[in-house]
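Single-structure report; data block below.
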Amino acid sequence: MAKQVINVQNVTKSVSIDGNKQTLEILHGISLTANAGEFLSIIGPSGSGKSTLLNAMSGLSKPTSGQVNILNIDPYQLKPAKAAIFRRTQIGFIFQSYNLVPALPAFDNIVLPLRLSHRKVNKSKIYKLLKELNFEANPNNFVSDLSGGEQQKIAIARVLVANSKVIFADEPTGALDTVSRKIIFNLLRKLTDQGVCVVMVTHDIEMASATDKAITLRDGRLEKVIEKPTADALFQALNEEGS
Ligand SMILES: Nc1ncnc2c1ncn2[C@@H]1O[C@H](COP(=O)(O)OP(=O)(O)O)[C@@H](O)[C@H]1O
Ligand SMILES: [Mg+2]
C-alpha cells in the first residue's frame, strides 16, 4: 500500500481585513491526501485559493482551523528550530516569487540548503542539472542579474538537488517557455517515480492532465478530486458553474 505523505483535514483559513475590523474566510474546510510517489496538481481560477491552500498544507502558514500532517508530523506543533530542520531536510518549496537570495550567486543559491544542513555538494551533478534545464547564464552571476525565467530555473534546481521527500510548487513554470516547462515537468516526474510526493499548483490544464491526481478549487472550496485526470475532464470541471 502506498505510504501517505500528506493529510489535510477540514482546513480553513481566515485573514483579517479592513484594519483588523473584519475577518474574511479564504479557504472553507478543505480535506485531501497525497501519497509517496504521487504527483498531485491543484488547479482553479486565479483567486480561488490555490496559493493559500499550498501555504497552509506545506507548513508555512497555519490554518485557522483543521489539521495538517506531513510525513505523520503536524508541522505547526513543532518548535521553530525543529520546524526549520524539518523543512530543510524533508520539504522542498518552489515559490511563485522564487524566494532566492539576490545578493548570492546563482550557484550558491542552489546549494544553500545543502550547506545549511552540512550535506555534500556535488558540483558536477549541479552543472549537469543546469545543462538539463537549459540554463544559459553563468551560474556565478548574482541572482539579481538573471531574467525571471533563469531565476525560476535556479529555484527549481535548488529543490531538485535537495533530496526532499515532499515538494510543494506554486506555478513553478509560470515564467517559462513550453520547452522548459516540459523539461521541468519531466524532472519532477522522475522524482515521483523515485517515491517523492509532488504537489503542484498550476492553471495549465495540459500540465495538470499529466499528473496522477488533480483537485479543483473554486472560491476557496475543493470542488473535485480527479484521479488520472484527462485534459477534457479538467476542462469540463473548470468550466462547470459552481453550485
Ligand atoms: N492576506 C490576505 N488578505 C486578504 N485577502 C487575501 C489574502 N491572501 C489571499 N487573499 C485573497 O484570497 C483569495 C485567494 O488567494 P490566493 O490563494 O492567492 O489565490 P490563487 O493562488 O488561487 O490565485 C483571493 O481572493 C485573494 O485576494
Ligand atoms: Mg497563487
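Given the structure is predicted, the values throughout are model-derived calculations rather than measurements. All ligand and atom numbering here is 1-based and tracks the order in the structure.
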### Query
Is atom 27 (O) of ligand 1 in close reach of the protein, with a heavy atom under 4.0 Å away?
no

#### Entry: Any protein heavy atom < 4.0 Å from atom 9 (C) of ligand 1
yes

### Query
Within 45 degrees of the axis of the six-membered ring of Phe107 and under 6.0 Å from its centre: does Lys123 put its NZ or CZ there?
yes

### Query
OG1/Thr89 to CG/Leu116 distance, rounded to the nearest 0.5 angstrom?
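So the gap between those two atoms works out to 12.0 Å.
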
### Inter-residue atom distance Thr33.OG1 - Glu38.CD, 0.5 Å rounding
7.0 Å

At a 4.0 Å threshold, what atoms of ligand 1 neighbour a non-hydrogen atom of [X]?
X     : answer
Ile26 : 6 (C), 7 (C), 8 (N), 9 (C), 10 (N), 11 (C), 12 (O), 13 (C), 14 (C)
Ser46 : 23 (O)
Pro45 : 22 (O)

Is it true that atom [atom1] of [X] has more than 12 heavy atoms of other residues, nucleotides or ligands lying nearer than 6.0 Å?
X      : atom1 : answer
Asn140 : CG    : yes
Asn122 : CG    : yes
Tyr127 : OH    : yes

### Query
Gly49: heavy atom below 4.0 Å from ligand 1, yes or no?
yes

### Message
Under 2.8 Å from the Mg ion (ligand 2), can any N, O or S atom of Ser46 be found?
### Response
no

### Task
Measure from atom 20 (P) of ligand 1 to every heavy atom in Gly44, Gly47, Ser16 and give the option owning the shortest one.
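Closest candidate by heavy-atom distance is Gly47.
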
### Query
With a 3.5 Å cut-off and no angle check, do the side chains of Glu150 and Ser147 form a donor-acceptor pair?
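Yes, Ser147 and Glu150 have a side-chain donor paired with an acceptor closer than 3.5 Å.
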
### Query
Quick one: are Lys120 and Leu114 in side-chain contact, heavy atoms under 4.5 Å?
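Sidechains of Leu114 and Lys120: no contact.
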
### Query
Can you tell which part of Thr52 has a heavy atom less than 4.0 Å from ligand 1: side chain, backbone, both or neither?
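Near ligand 1, Thr52 shows its backbone as well as its side chain.
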
#### Entry: Which residue and heavy atom of the protein sit nearest atom 18 (O) of ligand 1, plus the separation
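So the nearest neighbour among protein heavy atoms is Ser51 CB, 3.8 Å.
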
#### Entry: Which residue and heavy atom of the protein sit nearest atom 4 (C) of ligand 1, plus the separation
Val15 CG2, 3.5 Å

